[in-house]
Amino acid sequence: MPFSLRQQQLFVDELAVFDLAEKYGTPCYIYSATTLRENYFAFEKAFPAKVKHLVCFAVKANPNLSILRLLASLGAGFDIVSQGELERVLQAGAEGEKIVFSGVGKTVSAIERALDVGIRCFNVESESELLRIAKIAQAKGKVAPISLRINPDINAQTHPYISTGLKENKFGIPMQNALEIYLKAKECPSLKLVGIDCHIGSQLTDLAPFKMAAEKLLTLIQQLHTQGIQLQHVDLGGGLGVAYNAENPPSIQDYVENFLAVFQAYPLEIIIEPGRAICADAGILVTQIEYLKQNSDKHFAIVNTGMQHLLRPALYQAQMPILEIRPRAEILPKHYDVVGPICESADCLGKNRLLRIQEGDYLAILKAGAYGISMASNYNSQPLPISLLVEKQEVKLIQRAQTWQDLWALEDL
């Protein structure tokens, strides 16, 4: 394992995390290039050679340019949801033909830019968006490749903030309206129908919702076939869960085979959009203990990072593993709430964690590679942390820590 406890301390590949913390400072995100490669190729290898497919990394999970470049070099495509993400993946060397554009709020400038660089497909989320894309494409003398993102009204049994496939969610086109909108799009000369898309949520740990969604798409594909609409691909989104705590998500192999079984009679290209499952366990957030505090019978470890750098525990009540970098056998363990410096009671990274620690020690928050730095902010005027990419014995600085001056660089004009 790239992150492992050995020799009484935590290592990333062949380097001691303690040494990295001492040299580069904390807070510090550390990513394993080895894990990123292994996770990406696990998706690739899950597809039989004869099945045409494209694995598109969901950029929202981690938009760091070095990570995107690494994945692009492996052959990954990219799922984007904004013009900013489009510009990032282009800067990272992505090919337009490997970019799919999702998201409910595509702006005019984003659509124009995506058409200019020749993206693979727009995943259209509403009839209004469809009309906007058609109008822009016509004005530019282009034909826009589109798929419709279908909202199948399926309960993914995940946190409500990351559920995207219910009728009360803002995402996608209702199943009952999809055929009519496909038929309208078919008659538009500036649109090309190339696919169908569905994404029902994130951090799913059961295959049943995935299968239900795929079967609903298959029914619609069959209806489209009878109307003379021949699609090239089916995009099944992402959402495969990660074992942060006691979860037991399906394997990547089972996840892919679940879809292959549904669509075996249709020779469509299969596109998937994993994000978390590629990068979550490839990253850790290292922090230092500033204070140990006791309020009555409650113990706190106050650290130098918090919800401003890792929002998931506060926003989603995520339970992420927290380890001592160098466990102290000589200290009796106590249960601590690991909390940050932010003036919010929600700023808690982990509750009731059994730790052997003292002030000045380092802790590692594991499986922080997804939705960590991508959701980080400067709340309470806290600078963003440094980020490192490690491979074997090599370390690459992939994002410098912000300075105090960076905090107001766009303001004091």
Side-chain angles (χ1 to χ4, degrees), residues 1-42 62 64 66-67 70 242-247 278-292 299-305 309-310 313 319-340 349-370 372-373 385-399 401:
M1 292 290 292
F3 292 102
S4 60
L5 279 171
R6 56 186 190 271
Q7 302 171 26
Q8 286 76 55
Q9 62 177 313
L10 184 66
F11 276 74
V12 51
D13 283 12
E14 299 172 22
L15 298 177
V17 173
F18 178 87
D19 294 340
L20 295 175
E22 289 282 292
K23 179 176 180 179
Y24 292 98
T26 62
C28 178
Y29 273 101
I30 302 176
Y31 302 97
S32 164
T34 301
T35 305
L36 289 166
R37 283 195 179 89
E38 289 176 349
N39 290 345
Y40 170 75
F41 282 122
N62 193 312
N64 183 276
S66 292
I67 289 175
L70 172 60
V242 169
Y244 289 109
N245 188 20
E247 303 94 339
I278 287 178
C279 64
D281 65 352
I284 63 173
L285 177 57
V286 180
T287 184
Q288 189 168 27
I289 300 170
E290 297 285 350
Y291 303 101
L292 296 180
H299 296 272
F300 297 93
I302 303 171
V303 298
N304 66 352
T305 190
H309 297 154
L310 184 61
Q319 301 293 313
M320 304 175 73
I322 300 177
L323 294 182
E324 307 96 329
I325 299 299
R326 284 182 165 179
R328 291 182 174 274
E330 74 278 11
I331 295 178
L332 290 176
K334 292 180 182 177
H335 285 92
Y336 292 91
D337 283 6
V338 180
V339 300
L349 298 168
K351 288 184 177 294
N352 296 317
R353 303 304 177 89
L354 190 63
L355 300 168
R356 299 173 181 265
I357 51 176
Q358 64 184 30
E359 291 180 0
D361 285 356
Y362 296 115
L363 298 175
I365 305 166
L366 305 186
K367 302 185 180 182
I373 196 62
I386 192 173
S387 293
L388 308 174
L389 183 65
V390 172
E391 185 160 21
K392 296 182 180 178
Q393 293 183 333
E394 295 184 4
V395 183
K396 179 183 179 183
L397 174 63
I398 61 172
Q399 182 172 331

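On a predicted model such as this, the values are computed, not experimentally measured, just so you know.
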Practice problem: Determine, stepwise, if the pair Tyr29 / Gln399 fulfils side chain to side chain donor-acceptor pair (under 3.5 Å). | Solution: CA-CA 9 Å; Tyr29 273 101; Gln399 182 172 331; over 6 Å; no
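In this structure, a donor-acceptor pair under 3.5 Å is present between the side chains of Tyr31 and Asn62. Side-chain atoms of Thr35 and Asp281 form no donor-acceptor pair, as typed in the model, at a separation below 3.5 Å.
Summarising the geometry of Cys28 relative to Pro385, their closest heavy-atom pair is N-CB, 4.4 Å, with the distance given to 0.1 Å.
Here the CZ atom belonging to Arg37 is positioned 4.0 Å from the CD atom belonging to Glu391, to the nearest 0.5 angstrom. Here the straight-line distance linking atom CD1 of Ile322 with atom CG of Leu354 works out to 12.0 Å at 0.5 Å rounding. The distance from the CZ atom of Phe11 to the CG atom of Leu20 is 10.0 Å, given to the nearest 0.5 Å.
The cationic atom of Arg326 (NZ for Lys, CZ for Arg) lies less than 6.0 Å from the six-membered ring centre of Phe18 and within 45° of the ring axis.
Checking Gln288, Arg328, Arg356 one by one against Asp361, the side chain to side chain donor-acceptor pair (under 3.5 Å) holds for a single residue, Arg328. For the side-chain contact (heavy atoms from CB on, under 4.5 Å) with Thr305, the lone residue among Val286, Leu349, Val338, Leu310 that qualifies is Leu349.
Judged by distance alone, with hydrogens and angles left aside, the side-chain atoms of Lys334 form no donor-acceptor pair with the main-chain N or O of Leu355 at under 3.5 Å. Checking side-chain atoms of Thr287 against main-chain N and O of Asn304 turns up a donor-acceptor pair under 3.5 Å. Using modelled atom types, one side-chain atom of Asn64 and one backbone atom of Ser66 make a donor-acceptor pair closer than 3.5 Å.
For the pair Glu394 and Lys392, the salt-bridge criterion is not met [side-chain N within less than 4.0 Å of a carboxylate O].
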